[in-house]
Amino acid sequence: METIERKIKTLQAERRAVIMAHNYTRGEVQDIADYVGDSLELARLATRVEAEVIVFCGVHFMAETAAILNPGLPVLMPDLHAGCPMANMITPKELIVWKAEHPDVMVVAYVNSTADIKAEVDVCCTSANAVEVVRSLGDAEVLFVPDQYLGHYVQTQLGKKLHLWPGYCPTHRRILEKDIDESRTAHPDALVVVHPECTPQVIQQADHVGSTSGILRFCNQSSAEEFIIGTEIGLLHRLKRENPDKIFYPASELADCPDMKLATLEKIYWSLRDMEYEVSVPEKIALRARRPIERMLEIFA
Ligand code: 13P
Ligand code: SF4
């Protein structure tokens, strides 16, 4: 019997489709994807792909970013319910009120935000470039949405106070300071490597802080043999595959993002078969949301 992987590959070739997957998706999804990466890498790739359709395995804001950067190219999600709770922690109305309270202040949005929010801001950032994006604004006063912890991390790196919206990633917030303490006691030789969506208390304990691809790069290049990983557990698939001789311990098994796991091989197959579910961004919003994303990509061309 033909495997689901074969069926996907056959259909993918017929449709001239490219499959993109975030580092947190299921292992089997990462294995079948043409590209696996962090939010910044996937946004960059979305501007360069040569295909007739993108099948995006990740969460809604990422597929939305790909659609905004590729007007006219259909972007499909295998499961349209894959959202990011943090992206929904601020509404456009709330942002407009906040901006009115701080006139003439620059607004930076983490890409983990909806297109409606991006349409209201000056520049976007990802976890890979947040420090550099804010640095590029010089002394300007900054409103940072929606992730208070990433914003806090930027503050500590730049020694500059930002206005922080109180959003957070529920998955990363499940990683507790005591998890790091206990892991360090259990694995005294391991380095602690965490994502900047973690709480300041966790970040403070880390040997290295990076985006998902930053964590991968650090672990791939390090001469250490053991690592405690403070991020969503899906990243362990790539870490282990690319470093079969090193040992990786999740800081917390609870750091499992259910939305990232919604894309399955079956749903990818159905998505290609039925050309569903297309992510659409209203033209007026897409036009305004494209500027801050492109500004970010220009800063780090
Ligand atoms: P990065 O892959 O850009 O580090 O993003 C993490 C994340 O939470 C995406 O939802
Ligand atoms: Fe959103 Fe956190 Fe899930 Fe990333 S891991 S999609 S930030 S809830």
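Each ligand, and each atom within it, is numbered from 1 in the order the structure gives. Along the sequence shown, residues carry numbers from 1.
For atom 2 (Fe) of ligand 2, the count of nearby protein N/O/S atoms, taking only those under 2.8 Å, is 1.
By the salt bridge (charged side-chain N to carboxylate O under 4.0 Å, His left out) test, K178 pairs with no residue at all, sequence neighbours left out. Looking at residues two or more places apart in sequence or on another chain, you find no salt bridge (charged side-chain N to carboxylate O under 4.0 Å, His left out) involving K246.
A side chain to side chain donor-acceptor pair (under 3.5 Å) with E232 is found for exactly one of K261, H22, H195, namely K261.
Counting all heavy atoms, side chain and backbone alike, Y168 lies closest to P166 at CD2-O, 3.9 Å. In terms of heavy atoms, H102 sits closest to E141 at ND1-OE2, 4.5 Å. Looking at every heavy atom in both residues, C198 comes nearest to I203 through O-CD1, 3.4 Å.
T231 and Y24 share a donor-acceptor pair across their side chains, judged by distance under 3.5 Å alone. Side-chain contact of N23 with E41: a donor-acceptor pair under 3.5 Å is absent, judged by distance alone. One side chain, T91 or E94, offers a donor N or O that lies under 3.5 Å from an acceptor on the other. Side-chain contact check for N112 and D147: no donor-acceptor pair (N or O, by modelled atom type) lies under 3.5 Å.
Ranking the protein heavy atoms by distance from atom 9 (C) of ligand 1 puts M62 CE, 3.4 Å first. Shortest contact from atom 6 (C) of ligand 1 to any protein heavy atom: H195 NE2, 3.4 Å. At the shortest separation from atom 3 (O) of ligand 1 among protein heavy atoms lies S39 OG, 2.9 Å.
Residue contact annotation: H22 has a non-hydrogen atom under 4.0 Å from ligand 1.
Near S211, with a cut-off below 4.0 Å to any heavy atom, the atoms of ligand 1 are 4 (O). Listed by number with element, the atoms of ligand 1 under 4.0 Å from a non-hydrogen atom of S127 are 1 (P), 3 (O), 4 (O). Interface atoms of ligand 1 facing M260, defined by a heavy-atom separation under 4.0 Å, are 10 (O). Within ligand 1, the atoms closer than 4.0 Å to a non-hydrogen atom of E197 are 6 (C), 7 (C), 8 (O), numbered from 1 in the order shown.
Looking at T212 next to ligand 1, an N or O pair under 3.5 Å apart turns up. Looking at H172 next to ligand 1, no N or O pair under 3.5 Å apart turns up.
Contacts of D38 with ligand 1, taken as heavy-atom pairs under 4.0 Å, involve both backbone and side chain.
Put simply, the side chain of D259 gets close to the backbone of G83: a donor and an acceptor are under 3.5 Å apart.
Sorted by first and then second residue, the side-chain hydrogen bond (donor to acceptor under 3.5 Å, both in side chains) pairs involving residues 272-295 (not counting sequence neighbours) are E120-R288.
Counting heavy atoms only, N112 comes closest to atom 10 (O) of ligand 1 of the residues T231, L42, N112.
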